[in-house]
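Before any comments, here is the structure.
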Amino acid sequence: MELTLLDGPKGEIKLWKNVFSEEDLKEYHHFFLNKIDLYQGQIRLFGKTYQKPRLEAFFHAMGKSYTYSNETLKAHFFPPTLTRLRIQIEELVGHTFNSALVNVYRNGFDSNGWHADDEKELGPNPIIGSVSFGSTRTFVLKHNTTKKTLRIPLCDGDVLWMGPSIQVEWKHCIPKQPKTTDPRINVTFRTLYE
Ligand SMILES: O=C(O)CCC(=O)C(=O)O
């Protein structure tokens, strides 16, 4: 396991590589691709409704739903495997979370457009713990005013921590990567407040 502090946003991005054992990786892949109810949500753009280019599921410790991209995601309670992953991530990054958004990118044609995780339920300075499994995809961050851009390849078993200024000062996205044929799973652990 290694920790890389990325140059840039005040050391507020940390990346851990090779966090999981082979058995954990196998278990988490199987769990997220086969054992949870994935849902294809909708997004409204310029007055038209489209299917989101990825599958999602949302989990909250108290079953509290989450409104994101103008859509309310129904919450599931944490199943034991996801609780185990949450505790692993909390111990690694030193922060506790009460919810998790799972995104499954079925192949390189799935994507996630420019946004910040800045919904008001996340509080003024959200801290995010993001875990990736499966295909490597590039996570792109762009600063809101300087337009400085960081490209971070997120590989199987990587954990990315985004500190309190990131959702305020930067936007991020996962662009399409058409040569990628295999799925990628991303789990962002978050803290939702009342
Ligand atoms: O897939 C990723 O790495 C990012 C997911 C994301 O941007 C989000 O859940 O808000």
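Along the sequence shown, the residues carry numbers beginning at 1. Worth knowing before you read on, the calculation uses all heavy atoms, side chains too, and leaves out hydrogens, waters and symmetry mates. Every number for a ligand or one of its atoms is a count from 1 in the order of the listing. Everything numeric in this text was worked out from a predicted model, so none of it was measured.
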List in chain and number order the residues that pass ring-ring contact (aromatic ring centres under 6.0 Å, His included) with Tyr28, two or more places apart in sequence or in another chain; answer none if no residue qualifies.
-> Phe20, Phe133
Is there any side chain to side chain donor-acceptor pair (under 3.5 Å) pair reaching into residues 92-103, and which pairs are they, with sequence neighbours excluded?
-> Arg54-Asn103
Report the residue from Gln167, Lys171, His172 that forms a side-chain hydrogen bond (donor to acceptor under 3.5 Å, both in side chains) with His115.
-> His172
Between Arg84 and Glu27, is the closest basic N to carboxylate O distance under 4.0 Å?
-> yes
Write down, by chain and number, every protein residue that brings a non-hydrogen atom to less than 4.0 Å from an atom of ligand 1.
-> Tyr68, Leu101, Asn103, Tyr105, Asn112, His115, Asp117, Phe139, His172, Ile174, Arg184, Asn186, Thr188, Arg190
Using the six-membered ring of Phe189, assess whether NZ or CZ of Arg86 lies under 6.0 Å from its centre and within 45 degrees of the ring axis.
-> no
Transitive ILVMFWY cluster of Val140 at side-chain heavy atoms under 4.5 Å: who else is in it?
-> Trp114
